[in-house]
A.B. asks: 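Quick one: the structure is below, and I'll ask about it shortly.
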Amino acid sequence: MEHRVLNSKWFVLVHVLWLAPSLESATIEADKLALLDFKNHLTQDPLQIMSSWNDSVHFCNWVGVTCSPSNGRVTVLKLESKQLVGSIPASIGNLTNLTGINLFQNSFHGQIPEEIGRLQKLQDLNLTYNYLSGKIPTNLSHCTELRSFEASANDFIGQIPDQLISLTKLEIIRLGTSNLTGNIPAWVGNLSSLQVLLLARNNLHGSIPNELGQLSALGFFTLYENFISDVGLTLPNLKIFAGGVNYFTGSIPVSLSNASNLQVLDFAENGLTGTIPENFGSLKDLVRLNFDQNELGSREIGDLNFLKFLANCTSLEVLGLAQNGFGGEMPISIANLSTHLRILTMGDNLMHGNIPVGIENLVNLSLLGLEGNKLSGRVPEVIGRLNKLEGLELNVNKFSGFMPSSLGNLTVLSRLLMEENRFEGSIPPSLGNCKKLQVLNLSSNNLNGTIPKEVVSLSSLSISLVMSHNSLIGSLPPEVGKLTNLVELDVSYNRLSGEIPSSLDSCIRLERLYLGNNSFKGTIPVSLKSLRGLAELDLSCNNLSGKVPQFFSKLLSLRHLNLSYNELDGEISREGIFANASAISIVGNDKLCGGIQKLHQTSRRQSAPPSNEWQSGLSYLEISNATDNFSEENLIGSGSFGSVYKGTLADGKTAAIKVLKLQQQGALKSFIDECNALSSIRHRNILKIVSSCSSVDYEGIDFKALVFEFMQNGNLDRWLHPSTDEYCHFKKLSLMQRLNIVIDVASALDYLHNHYDTPIAHCDLKPSNVLLDEDMTAHVGDFGLAKFLFEESNTPSKNQTMSNGLKGSVGYIPPEYINGHVSILGDIYSYGILLLEIFTGKRPTDDMFKDDLSIHKFVLMALPSHVMNVLDLSMLLEEENDHEKHEEEDLFPDIESQVAQKKLEECLVSVMRIGVMRSAASPRDRVGMKFVVNNLQAIRSKIRLREE
Ligand SMILES: *[C@@H]1O[C@H](CO)[C@@H](O)[C@H](O)[C@H]1NC(C)=O
Ligand SMILES: *[C@@H]1O[C@H](CO)[C@@H](O)[C@H](O)[C@H]1NC(C)=O
Ligand SMILES: *[C@@H]1O[C@H](CO)[C@@H](O)[C@H](O)[C@H]1NC(C)=O
Ligand SMILES: *[C@@H]1O[C@H](CO)[C@@H](O)[C@H](O)[C@H]1NC(C)=O
Ligand SMILES: CC(=O)N[C@H]1CO[C@H](CO)[C@@H](O)[C@@H]1O
């Protein structure tokens, strides 16, 4: 038996050698032809890699080609990072002895040919970083020896083909950053050798199949930036799980703690609720645990108790808990966290109490983020022991007492944010030792004393130095000239005096300089003309005298110049920035003359934006005529600040005319605010103002009105909640119409919040302020409460305190407005509520929403599986009516409609999540508007696809 086997092997060998000359040379020749064909399909080869691919060199010696020493066939094609441009020809399938192809990082485009399936010995296929497109070829399933399939960062579309189930030897799948759709196939759970599964940044939907729990070898699993919504798996050998930026909701599975080898668990930017399981403490290898931007915590005491269990995670380097709802005190057990901890982010939560002194143990911290909480008391001196800190963010809390002078020991600190606290006393000169400091913000505290020259000598300061809104006295030290790298300097709203130092001319990088609201005197230094990059200069509300320097008109970069309320005199230029009335403000300088005409029409309000053509306005008579003497028939609405009439203007155009009730307290201010807001904004989804009237009526009483373009379809409120007698006139809004409306409103807000130099908060977003034109395009109107938000900030939480308390409309104003804090986050809240109302058909003030149940909670609890239970299903009926004809064409109506139904539900869940994530009670929990328009548009196209 054994003898025969040996014999037959020997026979085969002899046989091969015997036939070798003819058969082998034929296949070898075929390999050469295939390689030349590959070369022919290249269109660019800047490194001239292919110069060796010619007849004078045997092809086994061509660059990138490896042959088998035994039979001379090509076994490996390795051409990574060679800047090749071209496509992969079908003849690649002729190289049947290939075991490896590596075309990593080139510019191959087109599809992977199905002929790849002929490569039955292929073990490693590496196509990452190319421009390959189309679907992943199903024939790849014949390459049953494949161990690694790496093709991230291409433009693949479609699903992961089910045929690949046959690739049982796969150890590595990397398919990140493409446009793959569909679900994660359950059969992946059968690939028992799988160690790496990288699917991040695609358009995958659905949940993680339970079958993946069988993957005992899986150690690296990334899914971030997909639309995956459910996590419930146990992967015993998982080392790395990156699930960030998905739609995971629900609680963190306790079973994850069984993955005892976990090193990285990253769920940032999801919608997880509940708390961090205590037995995560058993994950001894954890290096990174990131739950930033979720909805964890109960906002209550005890929320952070789990920290004491994390003390066992002795390798922990990164702990991310920022932007959640963690309440209670910062626990003293923080002192027992791993000393390897480098990054601790706990900002934007609801923590109160002091920073525990034990924090000094975390000697390796490089970033400590505690911003946006309610922490109070003194910042402990021991903070100075954390001498590896590069970023320290204590801003927006209630810290008080002196700033610790030990901050000066933080010699590698580059970012120190302490604004919006209650720090008092003077700025410690020791900060001058922080020689790496790039950003320093101490604004909005109770700091007094003088500005230490040591601080303004820190030439490392490059991004910004902000000390505004304090009570600093003395002069701006001439050492400020050492800030040669600084882009922004803000010392406004202090009590600084003396002259503006001429040494500022050395700060040649300055783009924004704010010295307003101090007591600077003397003339504006001519030396400022060397600040060639200056874009914004505010010197308003000081005691500056003398002439307005000519050089301002020559500073080409200057966009805003505020010189108002000083004692400047002489004639103003008409050139450069002075030609643009909207870019400058000079009011409150009684001795100034000259300049362009418009400057002198500017309203008395210091912050008044430009006068506009419409401000020339209409007379009382014209308004009275237009509205048929304010007749009842023309009255189309009324609110606390006035009445709205339909009117026909002299030119025949129909308009909506809002007449202010001036006796109502605040109405005049509201009029001015609305004028200011509207004068500077223009957007297709914002109600356009046509004219205004500021006059006296026949009895000599002040009369003010605003004239808007007329909106044929009235306001959204009437469409959502028609009164009984109107009921029959209003067809229910269809799903598509509702989607269009929320997209329109989001575009308007996006514009107000982000696309204007000074962000504007609308402050009163609700259905009755959303108007619909003939085409049902939505226009946001009523800017009577709108606020310009002047504070400079990098976060969307730009906010400003309202002078007279609660404003806006019940049901739509965010809880924090009770403290008089107006912010963009407030609009985001109103938007979230509006969206939920539009799709549920229920007002936030509906009787059913009382006690603990809000519209937000109502929807949140239904997501994802019960979404259909909370929606206003009449929108779907409307939709069906509109598309009845399509149904006849369906060949498999049942299957089709089930799949379509499921897809539709997924889309609706995504829509509702957008509302839920914006209407969280705590501003800290609200997700910004940045991606709303895009996300909604994507959902809309998916729904359209479903219908086609
Ligand atoms: C690849 O092989 C097929 C048949 O096996 C042959 O017809 C074709 O010409 C080959 N292509 C190249 C470029 O050698
Ligand atoms: C693909 O090629 C790149 C570059 O050579 C390499 O870094 C990477 O590890 C390869 N992937 C696999 C799975 O071998
Ligand atoms: C995915 O598709 C979208 C639109 O179809 C396209 O804009 C985007 O660039 C694609 N992304 C990738 C990574 O191919
Ligand atoms: C932490 O470690 C201690 C000592 O090894 C052990 O007794 C305790 O159970 C661990 N705690 C957790 C939550 O794993
Ligand atoms: C060494 C090796 O794998 N040789 C194979 C090359 O391809 C031919 C044709 O597919 C096979 O017959 C050889 O065994």
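Read the numbers this way: they start at 1 and go in the same order the structure lists the ligands and their atoms. Keep in mind that what you see is a predicted model, and the values were worked out from it rather than measured.
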A.B. asks: Going by heavy atoms, is Asn102 under 4.0 Å from ligand 2?
C.D. replies: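 Yes, that is the case, since the closest heavy atom of the residue is under 4.0 Å from the ligand.
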A.B. asks: Can you name the nearest heavy-atom pair linking Arg118 to Thr96, along with the distance?
C.D. replies: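 Closest approach of Arg118 to Thr96: O-CG2, 4.1 Å.
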A.B. asks: Is any side-chain N of the basic residue among Arg147 and Glu171 closer than 4.0 Å to the acidic one's carboxylate O?
C.D. replies: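 The answer is no: the pair does not qualify as a salt bridge.
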A.B. asks: Going by ring pair (Phe, Tyr, Trp, His ring centres under 6.0 Å), Phe248 matches just one of Phe267, Phe291, Phe227, Tyr224. Which one?
C.D. replies: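 Exactly one option meets the ring pair (Phe, Tyr, Trp, His ring centres under 6.0 Å) with Phe248, and it is Phe267.
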A.B. asks: Quick one: do the Asn364 and Lys388 side chains pair a donor with an acceptor below 3.5 Å?
C.D. replies: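 Asn364 vs Lys388: donor-acceptor pair found between side chains.
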A.B. asks: To the nearest 0.1 Å, how far is atom 1 (C) of ligand 1 from its closest protein heavy atom, and which atom is that?
C.D. replies: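 Looking only at protein heavy atoms, the one closest to atom 1 (C) of ligand 1 is Asn94 ND2, 1.5 Å.
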A.B. asks: Quick one: nearest non-hydrogen protein atom to atom 14 (O) of ligand 2, plus distance?
C.D. replies: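 Atom 14 (O) of ligand 2 sits closest to the protein heavy atom Asn126 ND2, 4.0 Å.
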A.B. asks: Which of the atoms in ligand 1, numbered in the order shown and given with their element, are less than 4.0 Å from a heavy-atom of Asp37?
C.D. replies: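 Listed by number with element, the hits are 13 (C).
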A.B. asks: Show me the pairs that pass disulfide (SG to SG under 2.5 Å) and involve residues 55-95, at least two apart or across chains.
C.D. replies: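 For residues 55-95, and leaving out neighbouring residues, the disulfide (SG to SG under 2.5 Å) pairs sorted by first residue read Cys60-Cys67.
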A.B. asks: Under 4.0 Å from atom 9 (O) of ligand 1, is there any protein heavy atom?
C.D. replies: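 Under the 4.0 Å cut-off, atom 9 (O) of ligand 1 has no protein heavy-atom neighbours at all.
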A.B. asks: Would you name the heavy atoms of Gln83 and Pro46 that are closest together and state the gap between them?
C.D. replies: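 In this case the closest contact between Gln83 and Pro46 is O-CD, 3.2 Å.
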A.B. asks: Among Arg174, Glu150, Glu171, Glu80, which residue places a heavy atom closest to atom 13 (C) of ligand 2?
C.D. replies: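 Considering heavy atoms of Arg174, Glu150, Glu171, Glu80, the nearest to atom 13 (C) of ligand 2 sits in Glu150.
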A.B. asks: Write out the residue and atom name of the closest protein heavy atom to atom 5 (O) of ligand 1, then the distance separating them to 0.1 Å.
C.D. replies: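 So the nearest neighbour among protein heavy atoms is Arg118 NH2, 4.1 Å.
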